[in-house]
Amino acid sequence: MLRTLYISLLFLFLLSKSTAQTPKMLWENDDALNIASGVMDAYYHWNFEKADSLLVRFEVMMPNHPSLFLLKSLGIYWENAPFDYHNDGAVDKMFKEADYCISISESRLSKNKNDKEAIYFMLLAKSIKARAYNFRGATWKAVSEAKSVYSLTRKGMEMTEDLPEFNFSSGIYNYYREYYPEKHPIYKPFLTFFPSGNKLLGIEQITFTKNHSIFASAEAHKYLMWIYTHTKDDLSILLARDMISRYNKNEWLIYESLLVLSEYDMLSDSVFKLELDKLSNSKHSFFVLSGKMLNGMRDYENQKFEQAKEFLLATENNLSKISTRKIYLEPYLYSYLKSIYELEGNQKLMQKYQKKASSTVYGEAIMQRLQASRQ
């Protein structure tokens, strides 16, 4: 009898050890998954009080799961949007949570190299770090993280059926692997080392993510909106309208949506004037300035060029108030001022703002659009 009791106790002990070493799976816990979805939805709607409340519940359910720390990292990003990548304090906080996520994921992968959840959350965490390093000008660190992101993305492309969340990273790769060399032929020789993509499949995967993802639906929505804008597809207008309607408290997403609508000279629409006013009356200096700039762009559409110039110059005079976040305004600000001074025949100032706009990421494209719209 004692022998039987001993064997039973030993079996229970071994079973408990085995269970303790088996990592929890988020996609096997519907309650936890619903809470994670609620956290992300709260971030997208800028309801950070609700997000914090849900995170407390999530931490009880998934205390050492990489998703917990990924959610915390994303929370820091959204609460500071548009994120200032030169704010060391905010970056350190975001990295601290991302590094926890990576560390737990690596530990899980050391036991099971095909742990799809560990692969997925490490991919997201490393993407956060790669983007931050790129914005901070830390090229070699950005390249190092990008290598990991690429490797994890390739693994994820083989797991989209098992974990559909991988459709986002797979879709981004499939689309931009083909789009980028088409847009920048100089990189074609280099990109031949990377497996071919598929733009149509990429769009399908990003669309799926927009409609079904827990962790990347708004990001996928934004990517689609800009993809269709760059390809001159009117679907971008529908996506921008939907973005404003769906996330009507998220001033960052409203701002990006209005930029898309400006590509179609639609800022004059009375509905969007309400959104411009929302930004202009924001509690945050960045959005107050973005509202001022967009009002200048709206006046430009209506050919009120002198009034537009006043708004735009007032924006420029206050750029120092938003520190390095000014990079999100400068391409449009300088391009529109260049166009106004060109219309006035002021060659000196036209060349000044042309040079400034050309030094920004999208300045050349915006100037070309404004030039074409005057033909």
Can you give each donor-acceptor pair under 3.5 Å made by side-chain atoms of residues 138-153, sequence neighbours left out, with the distance rounded to 0.1 Å?
residue	atom	partner	partner atom	Å
Glu145	OE1	Lys126	NZ	3.2
Thr153	OG1	Val149	O	2.7

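- Hydrophobic cluster membership is shared by Tyr255 and Val271, with clusters built from Ile, Leu, Val, Met, Phe, Trp and Tyr side chains linked at under 4.5 angstrom.
- Val288 and Phe83 fall into different hydrophobic clusters, where Ile, Leu, Val, Met, Phe, Trp and Tyr residues are linked whenever their side-chain heavy atoms come under 4.5 Å apart, directly or through other members.
- The distance from the NZ atom of Lys116 to the CZ atom of Arg108 is 9.5 Å, given to the nearest 0.5 Å.
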Could you go through the side chain to side chain donor-acceptor pair (under 3.5 Å) check for Thr324 and Asp84 one step at a time? CA-CA 7 Å; Thr324 55; Asp84 182 358; 2.3 Å; yes
Quick one: do Glu158 and Asn114 satisfy side chain to side chain contact (heavy atoms under 4.5 Å, CB included)? Show the steps, please. CA-CA 11 Å; Glu158 300 172 0; Asn114 295 315; over 6 Å; no
Sequence neighbours excluded and cut-off under 3.5 Å, please list the side-chain donor-acceptor pairs for residues 201-208, or say none.
residue	atom	partner	partner atom	Å
Gln205	OE1	Gly171	N	3.2
Gln205	OE1	Asn174	ND2	2.9
Thr207	OG1	Ile203	O	2.7

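- Within the 3.5 Å criterion, the main-chain N or O of Ser359 finds no donor-acceptor partner in the side chain of Tyr334.
- If you take CG on Leu267 and CE on Met297, they are separated by 5.5 Å, rounding to the nearest 0.5 Å.
- With a 6.0 Å cutoff to the six-membered ring centre and a 45° limit on the axis angle, Arg154 counts as a cation-pi contact of Tyr173.
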Given Ser67 and His65, is the side chain to side chain donor-acceptor pair (under 3.5 Å) satisfied, shown in steps? CA-CA 5 Å; Ser67 61; His65 194 274; 2.7 Å; yes
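- Closest heavy-atom contact between Thr315 and Met293: OG1-N, 3.4 Å.
- Within the 3.5 Å criterion, the main-chain N or O of Leu33 finds no donor-acceptor partner in the side chain of Ser37.
- For Asp265, the side-chain hydrogen bond (donor to acceptor under 3.5 Å, both in side chains) criterion is met by no residue, not counting sequence neighbours.
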Check step by step if side chain to side chain contact (heavy atoms under 4.5 Å, CB included) holds for Leu259 and Leu294. CA-CA 8 Å; Leu259 289 182; Leu294 286 162; 4.0 Å; yes
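- Look at Asp277 and Lys273 and you find a salt bridge, because one of the NZ, NE, NH1 or NH2 atoms lies within 4.0 Å of a carboxylate O, short of that distance.
- In this structure, a donor-acceptor pair under 3.5 Å is absent between the side chains of Trp46 and Glu251.
- Formation of a donor-acceptor pair under 3.5 Å by the His45 side chain with backbone atoms of Arg246 is found in this model.
- Ion pairing of Lys93 with Glu79 is absent here, as no side-chain N (NZ or NE/NH1/NH2) approaches a carboxylate O to less than 4.0 Å.
- With a 6.0 Å radius and a threshold of 12 heavy atoms from other residues, nucleotides or ligands, Lys199 has its NZ atom above the threshold.
- Cluster annotation: Leu238 is connected to Trp226 through the hydrophobic network of ILVMFWY side chains, with a link wherever side-chain heavy atoms come within less than 4.5 Å.
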Evaluate side chain to side chain contact (heavy atoms under 4.5 Å, CB included) for Ser290 paired with Phe287, printing each intermediate quantity in order. CA-CA 5 Å; Ser290 70; Phe287 294 111; 3.9 Å; yes
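- For the residue pair Ile214 and Glu165, the shortest heavy atom distance occurs at N-OE2, 2.6 Å.
- Side chain of Lys278 to main chain of Asn248: a donor-acceptor pair is present (N/O by atom type, distance under 3.5 Å, no hydrogens or angles).
- Test Phe95, Phe69, Phe121 against Tyr100 for ring pair (Phe, Tyr, Trp, His ring centres under 6.0 Å) and you get one pass: Phe69.
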Quick one, Glu330 with Tyr362, criterion side chain to side chain donor-acceptor pair (under 3.5 Å). Give me CA distance, side-chain angles, the key distance, then yes/no. CA-CA 9 Å; Glu330 288 175 322; Tyr362 299 111; over 6 Å; no
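- When atom types are taken as modelled, the side chain of Tyr43 and the backbone of Leu71 share a donor-acceptor pair closer than 3.5 angstrom.
- A donor-acceptor pair shorter than 3.5 Å can be found between the side chains of Tyr300 and Ser339.
- Residues Asp31 and Ile35 form no side-chain contact, since every pair of their non-hydrogen atoms from C-beta on lies 4.5 Å or further apart.
- Between the side chain of Asn318 and the backbone N or O of Lys321, no donor-acceptor pair lies under 3.5 Å.
- Taking both residues in full, the closest heavy atoms of Ser257 and Leu253 are given as OG-O, 2.8 Å, listed atom of the first, atom of the second, then distance.
- Nearest heavy-atom pair, Ser268 versus Arg298, reported as atom, atom and distance to 0.1 Å: O-NH2, 3.6 Å.
- Both tests hold for Arg131 against Tyr77: distance to the six-membered ring centre under 6.0 Å, angle to the ring axis within 45°.
- Smallest separation of non-hydrogen atoms from Leu349 and Asn346: N-OD1, 3.1 Å.
- Formation of a donor-acceptor pair under 3.5 Å by the Ser103 side chain with backbone atoms of Asp99 is not found in this model.
- Remark: Leu337 CG to Lys309 NZ distance equals 9.0 Å, nearest 0.5 Å.
- Put simply, the side chain of Thr160 never gets that close to the backbone of Phe166: no donor and acceptor are under 3.5 Å apart.
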Would Leu279 and Leu258 count as a side chain to side chain contact (heavy atoms under 4.5 Å, CB included) if you check the C-alpha gap in whole Å, the side-chain angles of each, and the deciding distance to 0.1 Å? CA-CA 11 Å; Leu279 296 182; Leu258 291 173; 3.9 Å; yes
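- Although no hydrogens or angles enter the test, the distance criterion places a donor-acceptor pair under 3.5 Å between the side chain of Lys24 and the main chain of Met61.
- Scanning both residues, Cys101 and Met122, for their nearest heavy atoms gives SG-N, 4.5 Å.
- Annotation: Glu182, atom CD; neighbour count of heavy atoms from other residues, nucleotides and ligands within 6.0 Å is above 12.
- Looking only at distances, no side-chain donor or acceptor of Arg325 sits under 3.5 Å from a matching main-chain atom of Phe286.
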